[in-house]
Amino acid sequence: MSSVIDDYLVDPKVSLLDKTRMQAQVLVPVLRALRDELGKDKADAIVKQALRDWSKQLFAAIGDRIEGSPRRKWAAVQGVFGEVSGKEVDVEILRHDKEALDIDVTRCRFAEFFRALGEPELGALLICETDFDIASIGDGEVSLERAQTIMQGAPSCTFRYKFAPRQEVK
């Protein structure tokens, strides 16, 4: 069955962690060469902008292809992305009801990989920041707050989704 994130995954048979490792094999040397040439701040800013623009456009396009309300679109993408990335993270669901979904990630193999590379900022761009792009598919019906991530050195990642009250159709 075709997944809503197949375009993102390229090959759904390859795990998201392995795909991320492949991306890093290209991005890390390019990023380091840019840092040598332009300086760390300027190189990091260019790469950050390019990756953020790519991710926002990608997830907006994925959301546009899904039928239904913004919350339904978010749920479809979040569900599939959760299945795909869920193999690489340990989570605790603290709350799940009509108003909110609170999740703590207590282990993240993506963070372990990027921290071992010495590039947690790149990991945050490729992995952590996409969570906000997925939440934006919810177009005001879903919002995400996250106070900390393992990638940034915290003991857990705190996902706090809030859901707008459902509008009754008249």
Is there a side-chain contact between Gln148 and Ser156 (heavy atoms, below 4.5 Å)? yes
Could you tell me whether a side-chain N or O of Arg146 sits under 3.5 Å from a main-chain N or O of Asp131, the two making a donor and an acceptor? no
Atom OG1 in Thr20, atom CG in Leu27: separation rounded to 0.5 Å? 10.0 Å
Interatomic distance, CZ@Phe159 vs CD1@Ile93, rounded to 0.5 Å, equals 12.0 Å
Tell me whether the count of non-hydrogen atoms from other residues, nucleotides or ligands lying under 6.0 Å of CD in Glu145 goes above 12. no
Just verifying a value: how many Å separate Thr149 OG1 and Phe110 CZ, rounded to the nearest 0.5 Å? 13.5 Å
Taking the six-membered ring for Trp, are Phe59 and Phe81 parallel (under 30°), tilted (30 to 60°) or perpendicular (over 60°)? perpendicular
State whether the number of non-hydrogen atoms from other residues, nucleotides or ligands found under 6.0 Å of Asp41 atom CG is greater than 12. no
Is there side-chain contact between Leu144 and Ile134, with at least one heavy-atom pair below 4.5 Å? no
Arg71 and Ala164 have their tightest heavy-atom pair at NH1-O, 4.2 Å
Starting from the C-alpha separation in whole Å, work towards a yes-or-no answer on side-chain contact (heavy atoms from CB on, under 4.5 Å) for Val14 and Met22. CA-CA 10 Å; Val14 176; Met22 289 180 236; 3.4 Å; yes
Once you round to the nearest 0.5 Å, how far does CE of Met151 lie from SG of Cys157? 7.5 Å
Carboxylate-amine/guanidinium contact Lys40 Asp44, below 4.0 Å: yes
Determine, for Arg35 against Glu119, whether the closest basic-nitrogen to carboxylate-oxygen distance falls under 4.0 angstrom. yes
Minimum heavy-atom separation for Gly68 and Lys73, please, with both atom names. O-CE, 3.3 Å
Is there a donor-acceptor pair closer than 3.5 Å between any side-chain N or O of Thr130 and the backbone N or O of Ile127? yes
If I take atom CG from residue Asp36 and atom CG from residue Leu31, how far apart are they, to the nearest 0.5 angstrom? 10.0 Å
In Å, rounded to the nearest 0.5 Å, how long is the span from CZ of Arg52 to CD of Gln57? 11.0 Å
Non-hydrogen side-chain atoms of Asp102 and Lys162 separated by less than 4.5 Å: yes
Closest non-hydrogen atom pair between Ala76 and Ile66, with its separation: CB-CD1, 4.1 Å
Got Arg109 and Asp90 here, is their nearest side-chain heavy-atom distance under 4.5 Å? yes
Taking every non-hydrogen atom, the tightest pair across Ala24 and Leu117: CB-CD1, 4.1 Å
I'd like to know if Glu112 pairs up with Arg107 as an ion pair, taking the criterion as any Lys NZ or Arg NE/NH1/NH2 lying under 4.0 Å from an Asp or Glu carboxylate oxygen. yes
Hey, does Ser69 have a side-chain heavy atom less than 4.5 Å from the side chain of Glu141? yes
Ser85 to Leu16 - nearest heavy-atom pair and separation: CB-CD2, 3.9 Å
Could you tell me whether a side-chain N or O of Asp104 sits under 3.5 Å from a main-chain N or O of Thr106, the two making a donor and an acceptor? no
Heavy-atom closest contact (Ala135 atom, Tyr161 atom, distance): CB-CE2, 4.4 Å
Applying side-chain contact (heavy atoms from CB on, under 4.5 Å), run through Val30 and Val47 and close with a yes or a no. CA-CA 9 Å; Val30 169; Val47 170; 5.9 Å; no
Is Leu94 reachable from Leu101 through a run of I, L, V, M, F, W or Y residues, each pair having side-chain heavy atoms under 4.5 Å apart? no
Show the numbers, then the answer: is there a side-chain contact (heavy atoms from CB on, under 4.5 Å) between Phe114 and Leu126? CA-CA 10 Å; Phe114 280 103; Leu126 284 174; 3.8 Å; yes
When you compare the side chain of Leu34 with that of Lys42, does any pair of heavy atoms fall below 4.5 Å? no
Tell me whether Asp53 is salt-bridged to Lys56, with the criterion being a basic N under 4.0 Å from an acidic carboxylate O. no
Under 6.0 Å from the NZ atom of Lys48, do we count more than 12 heavy atoms belonging to anything else shown? no
Counting C-beta onward and ignoring hydrogens, is there a side-chain heavy-atom pair between Ile150 and Val89 closer than 4.5 Å? no
